[in-house]
> 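The structure follows.
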Amino acid sequence: MTPIPLQLDLRGKLNNFKVTPSSAHSVLPLFEAIVNAIDSLSDQKENKSKEISIVVQRDESQPTMDNDANQEKLPIVGFLIEDNGEGFTDDNFNSFCTSDSTLKIHRGCKGLGRFTWLKVFNEIQVKSIFKIDGIFYQRRFHFSEDGIVNHSIEKTVDGSIKTSIFLSDIKQEYQNKLPKKTLTIANKIIEHCLSFFILEDMPRVTLSDLDSKLVLNDLFEDEYNKNKSEDNISVLHNDNTYPFKLLSFKVFSNVSSDYKVHYVGNNREVMAMNLKNDIPELKHSLKDAEGNSFSYKTFVSGDYLDSHVNSERTEFTLPSQNTLGLSLDTIHQEVVENTKSKLGEYLEPIKEENRNYIQRYINEESPQYKHIVKYGLEKLEELHADMTNEEIEIALFKIEHKLDLDIKLESKEIFNASDTLNSDEYKEKYQEFFEKVIDSNKTKLADYVLHRKTILDIYEQALTFDDGYEKEDRIHQLIYPMREISDNVKDMEHNLWLIDERLSYHYFLASDKPMSQISEDIKNNKRPDLMIFNQPNAFAEGDDDLTSVVIVEFKRPMRDNYTDKDNPVSQVQGYIEDIQEGKVKSLQGRPIEVRDNTPFYVYIVCDITPTLKKIMKRASFKLTPDGKGYFNFQREYNAYIEVLSFDKILNDSKKRNRVLFEKLDIN
């Protein structure tokens, strides 16, 4: 029985063809046409001089500025690609008309590249002069979503073998993503077709754009091949070893901040991954010994990548995790380590500069993190001078948190090693660990931990008093002396850590002071229990800008008569409004400007009674996981408000300090 051939629905094929508008995909049709030309020249036996000509077509009807440099700003509307290869012989034409053709599968060709032409361009015209048995033929046709139209073939007396592919009328969504500059297009062609340029018989490729003309072979030789290095790496996964080849280039012209790894499949670039997130130092320019800046490109290839390329060559069909096979992330990690090693001498000056900057920042802005320099140096290497102060603070906090966790894990290892207590190795480990604990707390550990334990005992005892008003004052006095300012209170005389450890590091604090004594412009006797102005940012526009304002309000324990008008939320909102509207000054008369975008952090300390629960519900506060408090961010006040029960403060403080108490056996 004669088989019935399948029909191709070209429009359906295009609908399922994944070439989304992007800077990488918009130039895919050009790449595919160039690679087709290279293949055609490989099959051409007669011409010794193999050439490919690429002409950029721009919309010259658009108005331009008054100099030639602005010609590159004209929108690109198409490309003309010409070669003197074998041409559209019957075999090649039939292959072109066949989806997923296997004619050139031995070269990694999937027979799909021409579909990218129709995804990006509305008009494709083909003209090809070729020679069969000494006779020249000319074939012409248009390629559209309707298929091959206006096809003709005839003998010709023109004795010059040449194929012209004219990609025109680019679709708007792809035109917006195209690179604008000729040199950028040239470098992208080289990067995509790198494996072909490495071959000694690469055709001569010229790129013409208005009045400029580049020979890509010369550009490759001058800017890529002269500074090339080769490496082979092996990636182990599930007892299998996968080899990959790395070609790395230092490029001294067209230097950009894009330090990328280009992943290649079947001799074509499939995707690129930026290295800046993996190697933060690459956010700065790399320079050689003579001070010349260069960009760095690495191309990764291997059989494993070749066998995992999708049909459109736009991505790899690799698992996201190693559970189903070797993932691209794992390959990339190995490539990154290789790159770090290769660029070590160029990265070190940048690392040193970053180290000095971060060291100065810690010394001058956040001395509480000094111990990190000694014990968290490896993590500090990830910080760099381009980070904002907020990013640095967050990073330092995370490093300190990780260091604290490491100390805790190390403590278990040391104190559980009962069988080696008398060994020299144990004594050495214990001494190192003890020094680390001392450094991380920056004080005499035993005395300070004992102080905290005593304060928690006093606080717990204060909660048992019957008189609510006395209890409120006792707790306030315990956390911070009443009717005092921070200038008169030493660090060990307050216990702000009961509420939040970070409150201990403040710029100015007023405890139970009428706001009229703090500001000349606030004419009332409102008195927040605690009002804290955090340290000005040294890098802000004004010397008096604040990083934040903190308000702490204590309410009488067991109070259960809150109303919509008389409740702690409304009370602290009134404080914020007064602060935002007035020019606040310290008691020394120093002006402190509070801007509209200055964040407020509010802590309301009270018992969670039925009327308070109703207020919290109406104000859209969320219950904390332990059910002993509430929290909410009120955008209109730029304020984060926490409602903490007296019991929550006690329980949370005990949990935070438990490990220290246990180590000193005072729990």
Side-chain angles (χ1 to χ4, degrees), residues 10 14 17 19 25-41 44 50-62 71-72 74-89 92-93 95-97 111-130 136-154 156 158 160-180 182 185-186 188-189 192-193 203-214 216:
L10 183 54
L14 292 174
F17 209 65
V19 182
H25 293 172
S26 293
V27 286
L28 270 179
L30 173 62
F31 297 159
E32 293 294 343
I34 293 171
V35 172
N36 287 347
I38 294 172
D39 289 340
S40 181
L41 285 162
Q44 173 62 271
K50 300 179 179 181
E51 296 185 356
I52 299 174
S53 169
I54 307 157
V55 181
V56 179
Q57 307 286 329
R58 295 184 184 267
D59 185 359
E60 297 186 65
S61 66
Q62 296 288 332
Q71 294 294 311
E72 288 189 330
L74 291 172
I76 296 175
V77 294
F79 297 97
L80 173 63
I81 304 95
E82 297 184 322
D83 69 84
N84 58 348
E86 184 181 39
F88 275 82
T89 62
N92 290 335
F93 179 68
S95 176
F96 185 90
C97 296
L112 294 169
R114 61 200 176 283
F115 295 122
T116 64
W117 300 355
L118 294 178
K119 289 291 288 189
V120 179
F121 293 91
N122 290 311
E123 180 75 16
I124 295 94
Q125 301 177 43
V126 178
K127 175 185 175 182
S128 181
I129 298 175
F130 54 93
F136 288 92
Y137 295 87
Q138 177 177 274
R139 187 188 300 274
R140 289 176 179 267
F141 62 88
H142 288 190
F143 184 40
S144 71
E145 292 185 1
D146 294 322
I148 307 297
V149 296
N150 300 326
H151 175 253
S152 66
I153 183 171
E154 58 186 4
T156 179
D158 189 344
S160 57
I161 296 176
K162 183 171 68 173
T163 295
S164 302
I165 308 292
F166 188 20
L167 310 175
S168 61
D169 191 15
I170 188 171
K171 297 175 183 178
Q172 186 67 44
E173 63 268 29
Y174 292 93
Q175 184 186 56
N176 295 336
K177 300 294 184 178
L178 275 176
K180 302 296 188 295
T182 312
I185 296 173
K188 285 187 174 295
I189 293 172
H192 185 83
C193 303
R204 184 175 185 270
V205 183
T206 60
L207 177 64
S208 301
D209 187 358
L210 298 175
D211 297 330
S212 66
K213 186 174 183 178
L214 290 173
L216 270 57

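What's counted below: heavy atoms across the whole structure, side chains too, no hydrogens, waters or symmetry copies.
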> Over all heavy atoms of both residues, which pair between Ile161 and Gly85 is shortest? Give the atoms and the distance, please.
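In this case the closest contact between Ile161 and Gly85 is CG2-O, 3.1 Å.
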> Using 0.5 Å steps for rounding, measure from the CZ atom of Phe88 to the OG atom of Ser95.
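Between atom CZ of Phe88 and atom OG of Ser95 there are 9.0 Å.
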> Which residues pass the ring pair (Phe, Tyr, Trp, His ring centres under 6.0 Å) test with His142, not counting sequence neighbours?
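So His142 forms no ring pair (Phe, Tyr, Trp, His ring centres under 6.0 Å) with any residue.
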> Taking the six-membered ring for Trp, are His192 and Phe31 parallel (under 30°), tilted (30 to 60°) or perpendicular (over 60°)?
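Because their plane-to-plane angle is under 30°, the rings of His192 and Phe31 count as parallel.
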> So with a 6.0 Å cut-off around NZ of Lys213, is the heavy-atom count from everything else above 12?
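12 or below, so no.
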> Taking all non-hydrogen atoms of both residues, which atom of Ser212 and which atom of Thr182 are closest, and how far apart?
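It is OG-OG1, 4.0 Å.
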> Could you tell me if the side chain of Ile185 sits less than 4.5 Å from the side chain of Val27, heavy atoms only?
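Answer no - side chains too far apart.
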> Closest heavy-atom contact between Asp83 and Ala37?
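For Asp83 and Ala37, the tightest heavy-atom pair comes out as OD2-CB, 3.5 Å.
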> Could you grab the distance from atom CG of Asn36 to atom CD1 of Ile165, nearest 0.5 Å is fine?
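Result: 7.5 Å between the selected atoms.
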> If we only count heavy atoms from C-beta on, is the Cys97 to Ile148 side-chain gap below 4.5 Å?
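Cys97 vs Ile148: side chains touch.
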> Taking atom types as modelled and ignoring hydrogens, do the side chains of Gln172 and Asn176 form a donor-acceptor contact shorter than 3.5 angstrom?
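The answer is yes; a qualifying pair exists.
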> Who are the ring pair (Phe, Tyr, Trp, His ring centres under 6.0 Å) partners of Phe130, not counting sequence neighbours?
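Testing Phe130 for ring pair (Phe, Tyr, Trp, His ring centres under 6.0 Å), a comparison that skips the adjacent residues, returns Tyr137.
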> For a side chain to side chain contact (heavy atoms under 4.5 Å, CB included) check, start with the C-alpha distance between Leu28 and Val120, then their side-chain angles and the critical distance, and finish with the verdict.
CA-CA 9 Å; Leu28 270 179; Val120 179; over 6 Å; no
> Only one of Ile76, Leu178, Val77, Leu30 passes side chain to side chain contact (heavy atoms under 4.5 Å, CB included) with Val56; say which it is.
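Among the candidates, only Ile76 passes.
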> About how many Å separate CD of Gln175 and NZ of Lys177, when rounded to the nearest 0.5 Å?
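Spacing of NZ (Lys177) from CD (Gln175) equals 12.5 Å.
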> What are the two closest non-hydrogen atoms of Cys193 and Ile34, and how far apart are they?
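Cys193 and Ile34 have their closest heavy atoms at SG-CG2, 4.3 Å.
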> With no hydrogens and no angle check, is any side-chain donor or acceptor of Lys119 less than 3.5 Å from a backbone partner on Ser26?
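Side chain of Lys119 to backbone of Ser26: no pair is present.
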> Just jot down the side-chain hydrogen bond (donor to acceptor under 3.5 Å, both in side chains) partners of Thr163, sequence neighbours excluded, or say none.
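Once residues adjacent in sequence are excluded, the partners of Thr163 under the side-chain hydrogen bond (donor to acceptor under 3.5 Å, both in side chains) criterion are Ser128.
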> Just to verify, what does Arg58 make a side-chain hydrogen bond (donor to acceptor under 3.5 Å, both in side chains) with, not counting sequence neighbours?
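Asp209.
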> Closest approach of Glu51 and Asn84, non-hydrogen atoms and distance?
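It is N-OD1, 3.0 Å.
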> CD of Gln125 to CG of Leu80: how many Å apart, nearest 0.5 Å?
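Those atoms lie 10.0 Å apart.
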> Can any side-chain N or O of Asn122 pair as donor or acceptor with the backbone N or O of Asp169 at less than 3.5 Å?
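Side chain of Asn122 to backbone of Asp169: a pair is present.
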> Might you work through the side chain to side chain contact (heavy atoms under 4.5 Å, CB included) test for Phe141 and Asn150, ending with a clear yes or no?
CA-CA 5 Å; Phe141 62 88; Asn150 300 326; 5.9 Å; no
> Taking only residues two or more places apart in sequence or in another chain, which ones pass salt bridge (charged side-chain N to carboxylate O under 4.0 Å, His left out) with Lys162?
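Once residues adjacent in sequence are excluded, the partners of Lys162 under the salt bridge (charged side-chain N to carboxylate O under 4.0 Å, His left out) criterion are Glu82.
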> Taking the side chain as every heavy atom from C-beta outward, state whether Pro179 and Lys188 have any pair of such atoms under 4.5 Å apart.
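Yes; the side chains approach each other to less than 4.5 Å.
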> Using a 3.5 Å distance criterion without hydrogens, assess whether the side chain of Asn92 forms a donor-acceptor pair with backbone atoms of Gly87.
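At least one qualifying donor-acceptor pair exists.
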> Quick check: closest heavy atoms across Ser40 and Glu86, and the distance to 0.1 Å?
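Answer, listing the atom of Ser40 first, then Glu86: OG-N, 2.7 Å.
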> Taking side-chain contact (heavy atoms from CB on, under 4.5 Å) as the definition, give me every residue that meets it alongside Arg140, ordered by chain and number, with sequence neighbours left out.
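With neighbours one apart ignored, the set is Lys127, Gln138, Ser152.
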> So, do Phe93 and Ile153 sit near enough that their side-chain heavy atoms are less than 4.5 Å apart?
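Heavy-atom side-chain distance check fails, nothing below 4.5 Å.
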> CZ of Phe143 to NE2 of His151: how many Å apart, nearest 0.5 Å?
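Rounded to the nearest 0.5 Å, the CZ-NE2 separation comes to 13.0 Å.
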> Can you confirm whether Leu74 sits close enough to Glu60 that some side-chain heavy atom of one is under 4.5 Å from a side-chain heavy atom of the other?
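Side-chain contact under 4.5 Å: yes.
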> Could you tell me whether the side chain of Thr206 and the main chain of Ser53 form a donor-acceptor pair under 3.5 Å?
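Pair absent, no side-chain N/O of Thr206 close to backbone of Ser53.
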> What distance separates Leu167 CG from Ile81 CD1, expressed to the nearest 0.5 Å?
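With rounding to 0.5 Å, CG (Leu167) is 4.0 Å from CD1 (Ile81).
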> Do Glu154 and Thr156 have side chains that get closer than 4.5 Å, going by heavy atoms?
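Heavy-atom side-chain distance check fails, nothing below 4.5 Å.
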